[in-house]
Amino acid sequence: MAERCTAIVPLPSDDLKGRLIGREGRNIRALEAAAGIDLIIDDTSEAITVSCFNPVRREIARIAVGKLVADGRIHPTRIEEVVAASEKEIEVLCKEAGEQAVFDLGLHRIHPELVLHLGRLKLRTSYASNVLDHSVEVGFLAGLLAAELGISVKTARRAGLLHDIGKAVDHQLEGDHAEVGAQLARKHGEAPKVCEAIANHHSAASKTVLANLVDAANLLSSARPGARREVLASYIKRLEDLELKAASFAGVEKVFAVQAGREVRVMVHNNKVSDAESKLLSRDIAKKLEQEATYAGQVRVVVIRETRASDYAQ
């Protein structure tokens, strides 16, 4: 959490900490109100911390503090001016990043608001992976898969590029990022099949080829070695914890945590667990994980029961 939601701003000297706080804290209050962030000034030598869940606001505040420190004039009116200028600077940078992503994929006629939201994804990470780079990668993979299947490459690239667009605004709207992204794309005139693919790129129940194709491209990009970084010790402990909790039920033979802990596959003894009991077992394991395990998103529990018959030819 500390790595994902904070930014460190270096200072030339610790004397500037007092100037940033201001008389009776008026400067720090003005900065926090203008940028919508929390400024943490502690005993860390020659550095302050900008804390905010919104990556765009965090970057605006980081740039603004850097400008104020370089300029030396720190008072509420100046702070508001610098924050406003930093907002415009970030908007230009986001727009350029979005336009570059659209150009790289050879697309056109994407609404300017969607292009701006795409650029904002450059400031966001998911599992320590840059979301804009991931979206471009998914766009290319979706285009390659579409070419093999004989469907529109441009449409597949468009859906792949926009599949995570909801992550740019999911802190402003309620709902899953896939559904929020589909609403945003629909609002700005994207084709219904593209919107449907965005809404269902995490759903195995989708009936359209395009949605399943984008889902496959997304999984390929996420599963690429190095795409998602995590502390190895905590990662292994989390998977072991999932496996141990699932293995605690009677009749379970083996348990495998797969897809980086997003799915748990449970093998059961066919002579101890019936087909009807296997359905109840999957529900009970899911409830146990909800109550006792720690994980991000959701975990799919799959119970597998097989019957084998064998004989010997003499």
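On a predicted model such as this, the values are computed, not experimentally measured, just so you know.
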S.K.: Measure the shortest side-chain to side-chain distance between Val301 and Leu289 over non-hydrogen atoms and say whether it is less than 4.5 angstrom.
M.R.: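 Yes, close enough: below the 4.5 Å cut-off.
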S.K.: Please list, one pair per line, the donor and acceptor atoms closer than 3.5 Å that link side chains of residues 252-260 to other protein atoms, with sequence neighbours excluded.
M.R.:
none

S.K.: What pairs of donor and acceptor atoms, side-chain ones from residues 9-24 against any protein atom, are under 3.5 angstrom apart with sequence neighbours left out?
M.R.:
residue, atom, partner, partner atom, Å
Asp14, OD1, Glu46, N, 2.7
Lys17, NZ, Asp42, O, 2.9
Lys17, NZ, Thr44, O, 2.4
Arg19, NH2, Gly72, O, 2.2

S.K.: Less than 4.5 Å apart, any side-chain heavy atom of Val136 and any of Leu161?
M.R.: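 Sidechains of Leu161 and Val136: in contact.
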S.K.: Minimum heavy-atom separation for Ile285 and Ala246, please, with both atom names.
M.R.: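 Smallest heavy-atom distance, with atoms named: CG2-CB, 3.9 Å.
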S.K.: Heavy atoms only: give me the nearest Glu277-Ser274 pair and the separation to one decimal.
M.R.: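 Looking at all heavy atoms of both residues, the closest pair is OE1-N, 2.9 Å.
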S.K.: Just to verify, what does Asp71 make a salt bridge (Lys or Arg N to Asp or Glu O under 4.0 Å) with, not counting sequence neighbours?
M.R.: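 Partners of Asp71 by the salt bridge (Lys or Arg N to Asp or Glu O under 4.0 Å) criterion, ordered by chain and then number, come out as Arg73, Arg78.
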S.K.: To check you understand the geometry: which heavy-atom pair defines the closest contact between Ala159 and Val214, and what is its length?
M.R.: CB-CG2, 3.7 Å
S.K.: Which heavy atom of Ala146 sits nearest a heavy atom of Ser152, and at what distance?
M.R.: CB-O, 3.8 Å
S.K.: Same cluster or not: Leu242 versus Leu281, using hydrophobic residues (I, L, V, M, F, W, Y) connected whenever any side-chain heavy atoms lie under 4.5 Å apart?
M.R.: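 Same cluster.
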S.K.: Taking CZ in Arg186 as the centre, count heavy atoms belonging to other residues, nucleotides or ligands within less than 6.0 Å. Is the count above 12?
M.R.: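 Atom CZ in Arg186 is crowded, with more than 12 foreign heavy atoms closer than 6.0 Å.
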S.K.: Do the non-hydrogen side-chain atoms of Lys88 and Glu91 ever get within less than 4.5 Å of each other?
M.R.: no
S.K.: Do you reckon Val56 sits in the same ILVMFWY cluster as Ile165, going by side-chain contacts under 4.5 Å, direct or chained?
M.R.: no
S.K.: Given Leu210 and Glu196, is the side-chain contact (heavy atoms from CB on, under 4.5 Å) satisfied, shown in steps?
M.R.: CA-CA 9 Å; Leu210 186 61; Glu196 198 275 340; 6.0 Å; no
S.K.: Given side chains that start at C-beta, do those of Lys122 and Asn130 come closer than 4.5 Å, heavy atoms only?
M.R.: yes
S.K.: Which word best sums up how the rings of His201 and His163 line up, parallel for under 30°, tilted for 30 to 60°, or perpendicular for over 60°?
M.R.: perpendicular
S.K.: Just verifying a value: how many Å separate Asp38 CG and Arg58 CZ, rounded to the nearest 0.5 Å?
M.R.: 12.0 Å
S.K.: If two hydrophobic side chains count as joined below 4.5 Å and joins carry through other members, does Val169 share a cluster with Val131?
M.R.: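 The answer is yes; both residues are in one hydrophobic cluster.
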S.K.: For atom CD of Glu81, decide whether the heavy atoms of other residues, nucleotides or ligands shown that lie under 6.0 angstrom number more than 12.
M.R.: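 More than 12 within 6.0 Å, yes.
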S.K.: Please give me the minimum heavy-atom distance between Ile37 and Ala61, naming the atom from each residue.
M.R.: CG1-CB, 3.7 Å
S.K.: Would you sort out whether Arg29 and Glu32 count as a salt bridge (Lys or Arg N to Asp or Glu O under 4.0 Å), showing the intermediate values?
M.R.: CA-CA 5 Å; Arg29 285 199 301 271; Glu32 289 180 341; over 6 Å; no
S.K.: Working to the nearest 0.5 angstrom, can you tell me the gap between Leu141 CG and Arg157 CZ?
M.R.: 10.5 Å
S.K.: Do Gln183 and Lys187 have side-chain heavy atoms sitting under 4.5 Å apart?
M.R.: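 Heavy-atom side-chain distance check fails, nothing below 4.5 Å.
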S.K.: Taking all non-hydrogen atoms of both residues into account, name the closest pair between Ala142 and Leu213 and its distance.
M.R.: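 Shortest heavy-atom separation between Ala142 and Leu213 comes out as O-CD2, 3.3 Å.
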S.K.: Do Ile79 and Ile60 sit in one hydrophobic cluster, given that two such residues count as connected whenever their side-chain heavy atoms are within less than 4.5 Å of each other, even indirectly?
M.R.: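 Yes, Ile79 and Ile60 fall within the same hydrophobic cluster.
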S.K.: Would the distance check show the side chain of Arg158 and the main-chain N or O of Val194 forming a donor-acceptor pair, the cut-off being under 3.5 Å?
M.R.: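 Not a single qualifying donor-acceptor pair exists.
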S.K.: From His134 NE2 over to Ser222 OG, what is the distance, rounded to the nearest 0.5 angstrom?
M.R.: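 If I round to the nearest 0.5 Å, the distance is 4.5 Å.
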S.K.: If I take atom CG from residue Leu39 and atom SG from residue Cys52, how far apart are they, to the nearest 0.5 angstrom?
M.R.: 11.5 Å
S.K.: Please answer whether the main-chain N or O of Gly261 pairs with a side-chain N or O of Arg238 as donor and acceptor at a distance below 3.5 Å.
M.R.: no
S.K.: Considering residues at least two apart in sequence or located in another chain, which fulfil the salt bridge (Lys or Arg N to Asp or Glu O under 4.0 Å) criterion with Lys288?
M.R.: Glu292
S.K.: Measuring from Lys193:NZ to Thr155:OG1, what's the distance to the nearest 0.5 Å?
M.R.: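 These two atoms lie 4.5 Å from each other.
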S.K.: Give a yes or no answer on whether the side chain of Ser221 reaches the backbone of Asn218 with a donor-acceptor pair at less than 3.5 Å.
M.R.: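 Not a single qualifying donor-acceptor pair exists.
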S.K.: Side-chain heavy atoms under 4.5 angstrom apart, residues restricted to Ile, Leu, Val, Met, Phe, Trp, Tyr: same cluster for Ile41 and Ile74?
M.R.: yes
S.K.: Got Asn27 and Leu68 here, is their nearest side-chain heavy-atom distance under 4.5 Å?
M.R.: no
S.K.: Check residues 94-116 and write down every donor-acceptor pair under 3.5 Å in which the side-chain atom is one partner and the other belongs to a residue at least two apart or another chain.
M.R.:
residue, atom, partner, partner atom, Å
Gln100, NE2, Asp104, OD1, 2.8
His111, ND1, Glu113, N, 3.0

S.K.: Could I get the full list of salt bridge (Lys or Arg N to Asp or Glu O under 4.0 Å) partners for Glu148, not counting sequence neighbours?
M.R.: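 So Glu148 forms no salt bridge (Lys or Arg N to Asp or Glu O under 4.0 Å) with any residue.
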S.K.: Return the CD1 to CG distance between Ile236 and Asp241, rounded to the nearest 0.5 Å.
M.R.: 13.5 Å
S.K.: Could you tell me whether the side chain of Ile63 reaches within less than 4.5 Å of the side chain of Glu89, counting heavy atoms only?
M.R.: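 A side-chain contact under 4.5 Å exists here.
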S.K.: Using side-chain contact (heavy atoms from CB on, under 4.5 Å), reason through His188 and Leu184 one step at a time and then give a plain yes or no.
M.R.: CA-CA 6 Å; His188 294 299; Leu184 191 64; 3.9 Å; yes
